Amino acid sequence: MKITSYNIKNFRQIEYMKMLPEEVKQEIEIVSKVLPFKANNYVVDYLIDWNNYETDPCYILTFPNRHMLREEHYHKVEQAVKKGLPEDEITRIANKIRLSLNPHPAQQQSNIPKLDGEPLPGVQHKYQDIVLFFPTQGQTCHANCTFCFRWPQFVKDLDLQFSMKEIDQVIEYIRQHDHVHELLFTGGDPMIMSPRTIKKYIDKIFEADLKNLKTIRFGTKSLTWWPFVFLPNYNEEAQEMLDLFKQIVDGGLHLSIMAHFNHYQEMGNEAVKEAVRNIKATGAEIRTQSPLLKNINATPEIWSTMWEQQVHMGMVPYYMFIERETGPYEYFQVPLVEAYNIYTEAIKYSSSLAKTVTAPSMSAAKGKAQVMGIVENPVTGDKYFNIQYIRHRDASQTYKPFLMHFDEKATWIDQLKPVMHKIQLLKKQRQDQYISSR
Ligand SMILES: *Cc1c(COP(=O)(O)O)cnc(C)c1O
Ligand code: SF4
C-alpha cells in the first residue's frame with residue numbers, strides 16, 4: 001500500500017472532493033490557513049463515509065469547516081484571501097488568530113526540565129514517575145486532527161515546538177532521576193518515524209542499562225491514520241517495527257502503545273484488526289484514549305460501542321479526556337456535566353473490562369483532574385461537582401476528592417468556584433476588593 005498525502009495544495013484532486021460544492025472547498029482553503037489540514041488516501045478511501053460527509057466523524061476529524069473558527073476570525077481570513085493579499089500577509093493574520101486560541105494550554109512550557117542547569121527543550125516532566133520525549137522526527141502526523149491541541153507544533157513559525165534529536169540527554173536525565181520509571185515517546189506521532197530511527201533511540205536506551213526505567217510508551221494515532229505501519233503484507237518496513245517492539249519486550253521493558261481512537265468507525269476494518277493482532281503478538285499492550293468531542297463522539301452510544309469493540313479486540317480502554325481550551329475548542333467542547341453524564345451512561349452498560357476508564361479527565365495546569373460525580377446536599381438542595389486529581393505535580397495531592405460549586409455551563413476546572421465557609425468567602429471577597437481597588 002502506497003501512501004498519498006493530501007494537503008491544502010492538492011486536496012482538490014481527491015475524487016470525492018470533486019463531487020462536493022465549490023463553496024465547501026473554499027471554506028476548507030480558508031479555515032486551513034489557521035488549522036493545518038493533512039490527510040491521506042487511507043483516510044479518504046476507507047474511513048470516511050462520503051455519502052454523509054457533513055456529519056461523518058472521520059470527515060469532521062480531518063477536514064476543517066468554517067464553524068471551527070469564530071465568525072469574526074473566519075471573515076478576517078476570508079477577506080484576506082478574497083482580496084488576494086500576499087501569502088506572508090495572510091500567514092501573519094492567521095498567526096494572530098492562532099495566538100488568540102490559547103496555543104499553550106495547561107502551562108506546558110513550565111514542564112520543561114533541566115539537566116545540569118540547562119533546559120531540555122524536547123522533554124516534559126510533570127509527574128514524578130514519567131518523562132515525555134518529543135523526538136524531532138516524530139513531530140508531524142499522518143493526518144491532522146481538526147481538534148488537536150498539539151496544533152501549534154505543526155506551525156513552525158509559532159515556535160512552540162517541543163522536540164529534540166538527542167536521546168543522550170534524555171537518558172542522562174532519567175539516570176539522574178531515580179523515581180522516573182517510564183518514558184513516553186510522543187509528538188505529533190512518533191510512529192511516523194521509520195523503525196530504523198526509533199531503533200537508534202531504543203538501542204541507546206538498552207545500552208545505557210537504566211535500572212530505574214521499566215516501561216516505554218508510544219503515543220500514536222497510526223492505528224487510525226495509517227495502520228500499515230504494522231502490516232508487513234502491505235509495507236516492507238512494518239516487520240522491522242514489529243521486531244523492534246519485540247526487542248523492547250524481550251529486553252525486559254514493558255511496552256505500552258497509547259492508541260488514539262476518537263470513534264468506532266476508525267477501528268472497524270480488517271487493516272486495523274490485523275495491526276492490533278500484530279502489535280499484541282509482540283508482547284506489547286495497547287491502551288486507548290480520546291477526548292470527548294462535540295460533533296464527533298458526544299453520545300454514550302458511541303463511547304460504549306467504541307469501548308466494547310476495543311475490549312473485544314484485546315485493547316485496554318484508558319482515558320476519556322475533556323477537550324482542552326485550545327485551538328477550535330468552542331466547536332468541540334462539551335460542558336463538564338454533559339461529559340460526566342455521557343461517561344456514566346456509556347460505562348453503566350459496558351463490559352467491566354472497559355471500566356479501566358474511571359471518569360472523564362482534564363489535563364489541567366496542576367494535573368489530571370477527574371469529574372467523579374455530582375452530589376446534592378439533601379438539606380439545602382445545593383449541587384456540587386466532586387473532583388479529584390488522579391495525577392498532580394505534587395503526588396501527595398492525588399486521590400483527595402473535593403467539592404466545587406455546580407455550574408452547568410462550565411467546561412473546565414478553572415471555571416468552577418471552590419466551596420468555602422461563609423467567613424472564608426467574605427474574607428476572600430474583601431481581599432479581592434482590596435486588590436482591585438489599589
Ligand atoms: C497524561 C500525562 C502523562 C501520563 O499520565 P498517565 O496517567 O500515566 O497516563 C504524563 N505527563 C504528562 C505531562 C501528561 O499530561
Ligand atoms: S494524531 Fe494526535 S498529535 Fe496528530 S493531529 Fe491527531 S491528535 Fe494531534
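Just so it is clear, the structure is predicted and the values come from calculations on it, not from any experiment. Ligands are counted one by one from 1 in listed order, and the atoms in each one are counted from 1 as well.
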If you measure from [atom1] on [X] to [atom2] on [Y], what distance do you get to the nearest 0.5 Å?
{"X": "Ile342", "Y": "Leu292", "atom1": "CD1", "atom2": "CG", "value": "4.5 Å"}
{"X": "Lys246", "Y": "Asp243", "atom1": "NZ", "atom2": "CG", "value": "8.5 Å"}
{"X": "Ile167", "Y": "Glu172", "atom1": "CD1", "atom2": "CD", "value": "12.0 Å"}

(request) Run the contact test for Gly188 against ligand 2 with a 4.0 Å cut-off on heavy atoms, strictly below, and give the result. (result) yes

(message) Just to check, does Asp189 reach to within less than 4.0 Å of ligand 2 when the distance is taken from its heavy atoms?
(response) no

Provide, line by line, the atom pairs where ligand 1 and the protein bring an N/O atom each to a distance under 3.5 Å; else say none.
from: ligand 1; atom 1: 7 (O); to: Tyr319; atom 2: OH; distance (Å): 2.6
from: ligand 1; atom 1: 7 (O); to: Arg391; atom 2: NE; distance (Å): 3.2
from: ligand 1; atom 1: 8 (O); to: Arg217; atom 2: NH2; distance (Å): 2.8
from: ligand 1; atom 1: 8 (O); to: Arg391; atom 2: NE; distance (Å): 3.4
from: ligand 1; atom 1: 8 (O); to: Arg391; atom 2: NH2; distance (Å): 2.7
from: ligand 1; atom 1: 9 (O); to: Arg217; atom 2: NH1; distance (Å): 2.9
from: ligand 1; atom 1: 9 (O); to: Tyr318; atom 2: OH; distance (Å): 2.7
from: ligand 1; atom 1: 15 (O); to: Lys368; atom 2: NZ; distance (Å): 2.9

So does [X] pair up with [Y], basic N to acidic O under 4.0 Å?
{"X": "Arg277", "Y": "Glu270", "value": "yes"}
{"X": "Arg92", "Y": "Glu87", "value": "no"}
{"X": "Lys214", "Y": "Asp129", "value": "no"}
{"X": "Asp407", "Y": "Lys417", "value": "no"}

(message) Can you check which of Gly219, Cys145, Pro36 brings a heavy atom nearest to atom 7 (S) of ligand 2?
(response) Cys145

(message) Heavy atom to atom 8 (Fe) of ligand 2, shortest distance: which of Pro190, Cys148, Ser290 holds it?
(response) Cys148

(request) For Glu345, check salt bridge (Lys or Arg N to Asp or Glu O under 4.0 Å) against everything at least two apart and list the hits. (result) Lys348

(request) Below 4.0 angstrom from a heavy atom of Trp225, which ligand 2 atoms are there? Numbered from 1 as shown, please. (result) 1 (S)

(request) Using a strict 4.0 Å cut-off to heavy atoms of Lys221, name the atoms of ligand 2 that fall inside it. (result) 1 (S)

(message) With respect to atom 4 (Fe) of ligand 2, please indicate if Cys141 possesses an N, O or S atom at a distance under 2.8 Å.
(response) yes

(request) Given salt bridge (Lys or Arg N to Asp or Glu O under 4.0 Å), test Arg287 with Glu285 step by step and report yes or no. (result) CA-CA 7 Å; Arg287 290 179 185 258; Glu285 68 165 17; 2.6 Å; yes

